[in-house]
Number of protein chains: 2
Amino acid sequence: MKKKLSTKENPKQEERQPRRYSSEESRRLLIEATLDSIVDVGFSSTSVSEIVTRANLSRGMVHLYFDNKDTLLVAAAKHAAEVYFRNLSDQLESAGSRPQEIIETVILSDLGEALLNERMVKIWFAFRGEAHANKAITQFSDTRDEQLRGMIFDAFVEVAIEQGEPEPAKFARDTTHGTLALLEGMWTDFLLHSDSFSRKSAARIIFRFLSGVYPQHFDLDGAIVK
Amino acid sequence: MKKKLSTKENPKQEERQPRRYSSEESRRLLIEATLDSIVDVGFSSTSVSEIVTRANLSRGMVHLYFDNKDTLLVAAAKHAAEVYFRNLSDQLESAGSRPQEIIETVILSDLGEALLNERMVKIWFAFRGEAHANKAITQFSDTRDEQLRGMIFDAFVEVAIEQGEPEPAKFARDTTHGTLALLEGMWTDFLLHSDSFSRKSAARIIFRFLSGVYPQHFDLDGAIVK
DNA sequence: CCCATATATGGACGTACATTCATTTTATGA
DNA sequence: TCATAAAATGAATGTACGTCCATATATGGG
């Protein structure tokens, strides 16, 4: 039972990386298993045994592809953050270019099923709970990174100028901060009361607040686009 | 070295509770040490050894006063929640009775140093991170309980009626939900960026949103009281 | 003054943990 | 076809964990 199949297909197509089974695949399996474990049994019950069992791999794999358990946890946090931002970016690609449409897209994406779901929420809050004890995780536990923040801020500056605010930058800074805080609060709400949570209500509430400060640009249904 | 001192002072003053050293005191020490450990080394590094060392007590104490480690953790979560609500209640006692003053007090108290500080934030988020894996902790991980929510809602209904909203209850429900979400978001902000966090900004942002929806009752400094 | 009892101690126990590493399995270039 | 190195395995190791419990100490009532 030495060589079952030679599998000599693709003789010159992917010969560049001489990987036997697939180290990348194993890495990915371990990261996914780690996130699954955090979702199912929690951060503090997520052991190496738990992870390798879920990944259907042997114990040694963790230390073959990651220095140690901690490195794997950080890689899992990084992966979760990448999934979040990639999805948000994708949804912004296909959005309108007017500032109030950009803001609307961020809000509705952040509250959409693809990003705001039980798995994601449990993962984010698990990492946040451990963030202050593990500095490497801290950098990946903030959903609102500088790039995103900057984009929303720029959009708010535009609408603040349009409606003739005396201090548009200051006004936009506050509404950016407030909008992101509202979204964070909605995520917390989903974590603690996922059964009674309503995406529609959450969006309406945020737009209600925005229509209060930008009455010409937002109403209860989102961006006003003429 | 049998009896070093009889310490027969206070012969009839505190004789009511026949406690030798003080079981309540030891319970309290263990709970405080648990919270200290969570703050300093994180939830997953909080072991029984870590706790008893911090409390200057022996290993056996945990199982003398609590069934097991888990019971102690739940007691610590309960204690943290009680401290939060007691403090908030106290501050509400000495507040004005007009609805916009009640709302202002809740917001400023929730953002004040007594409630929103590094210790509190780390404790809350640590418990929240474990909440879904430990159902007993879940009930103590929500800062916004029904009683508080109801009080804020009632206050918002009053001001919604005063300004002639067509659907005051619906309007108040949304603004209650939104205000609590904003506060949750500010706590998250404090957790992730405690160095750059400003209580003044946080309050101004919330009042800016409230002045948008209740222009006759709030401005950037809080409640408008004539 | 002594004894019953509450309070406290810390060594011992079995388990589960993260990590190591000698060995085996597999894939592919030569 | 075979040699080689990458990929994968899982038994072994030592440590730290939660819990138990036999023992010690302090206290106040009788």
Side-chain angles (χ1 to χ4, degrees), chain A residues 1-30 33-34 37 41-76 134, chain B residues 1-30 33-34 37 41-76 134:
Chain A
M1 211 201 275
K2 298 280 177 71
K3 300 159 229 156
K4 337 177 72 167
L5 278 170
S6 49
T7 59
K8 266 279 176 66
E9 46 217 336
N10 295 0
K12 283 279 167 201
Q13 198 168 329
E14 296 168 37
E15 89 290 9
R16 214 54 197 285
Q17 294 245 19
R19 272 184 220 115
R20 308 317 156 105
Y21 313 138
S22 165
S23 62
E24 280 308 313
E25 177 72 0
S26 297
R27 275 183 64 94
R28 203 188 54 76
L29 282 172
L30 286 169
T34 303
S37 171
V41 302
F43 191 96
S44 59
S45 296
T46 292
S47 62
V48 170
S49 304
E50 185 75 38
I51 293 167
V52 295
T53 301
R54 285 167 183 272
N56 265 313
L57 293 171
S58 59
R59 314 186 49 65
M61 294 291 269
V62 165
H63 304 89
L64 181 61
Y65 292 117
F66 301 91
D67 281 3
N68 48 45
K69 185 192 172 189
D70 206 64
T71 309
L72 170 55
L73 287 172
V74 172
N134 185 331
Chain B
M1 211 200 275
K2 298 280 177 73
K3 296 159 234 158
K4 339 177 68 167
L5 278 170
S6 48
T7 60
K8 267 279 176 67
E9 47 216 337
N10 295 0
K12 284 280 166 196
Q13 199 167 330
E14 296 166 37
E15 89 287 12
R16 213 52 193 288
Q17 294 246 19
R19 272 181 222 117
R20 309 319 156 105
Y21 311 138
S22 165
S23 62
E24 281 309 311
E25 177 73 1
S26 297
R27 275 184 65 96
R28 203 188 55 76
L29 282 172
L30 286 169
T34 302
S37 171
V41 302
F43 192 96
S44 60
S45 296
T46 292
S47 62
V48 170
S49 305
E50 185 75 38
I51 292 167
V52 295
T53 301
R54 286 168 183 270
N56 265 312
L57 293 171
S58 57
R59 312 185 48 65
M61 293 292 268
V62 166
H63 304 88
L64 181 61
Y65 291 117
F66 301 91
D67 281 4
N68 47 47
K69 185 193 174 190
D70 207 63
T71 310
L72 170 54
L73 287 172
V74 172
N134 185 333

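Below, read A as the first sequence line, B as the second, and so on, with proteins coming before strands; counting in each chain starts at 1.
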B/S26 side chain near C/dA8 phosphate (N/O to OP1/OP2, under 4.0 Å): yes
Any A/S58 side-chain nitrogen or oxygen under 4.0 Å from OP1 or OP2 of D/dA8: no
Roughly how many Å is it from [atom1] in [X] to [atom2] in [N], rounded to a whole number?
X	N	atom1	atom2	result
B/K69	D/dC17	NZ	C1'	8 Å
A/E24	D/dA6	CD	C1'	14 Å
B/R27	C/dT7	CZ	P	12 Å
A/L57	C/dT24	CG	C1'	16 Å
A/D67	C/dT19	CG	P	10 Å
A/I51	C/dC17	CD1	C1'	12 Å
A/N56	D/dA8	CG	P	13 Å

CD-CZ distance between A/E25 and A/R28, expressed to the nearest 0.5 angstrom: 4.5 Å
NZ/NE/NH1/NH2 to OD/OE distance under 4.0 Å, B/E50 and B/R54: yes
B/F66 and B/V74, any side-chain heavy atoms less than 4.5 Å apart: no
Positions of residues 59-66 of chain A (non-hydrogen atom under 4.0 Å from DNA chain C), listed by number: A/R59, A/H63
Over all atoms of both residues, closest heavy-atom pair of A/L57 and A/S26: CD1-O, 4.1 Å
Atom of A/H63, atom of A/K69 and distance for their closest heavy-atom approach: NE2-N, 4.5 Å
Side chain to side chain contact (heavy atoms under 4.5 Å, CB included) assessment of A/N134 paired with A/L73: CA-CA 10 Å; A/N134 185 331; A/L73 287 172; 5.5 Å; no
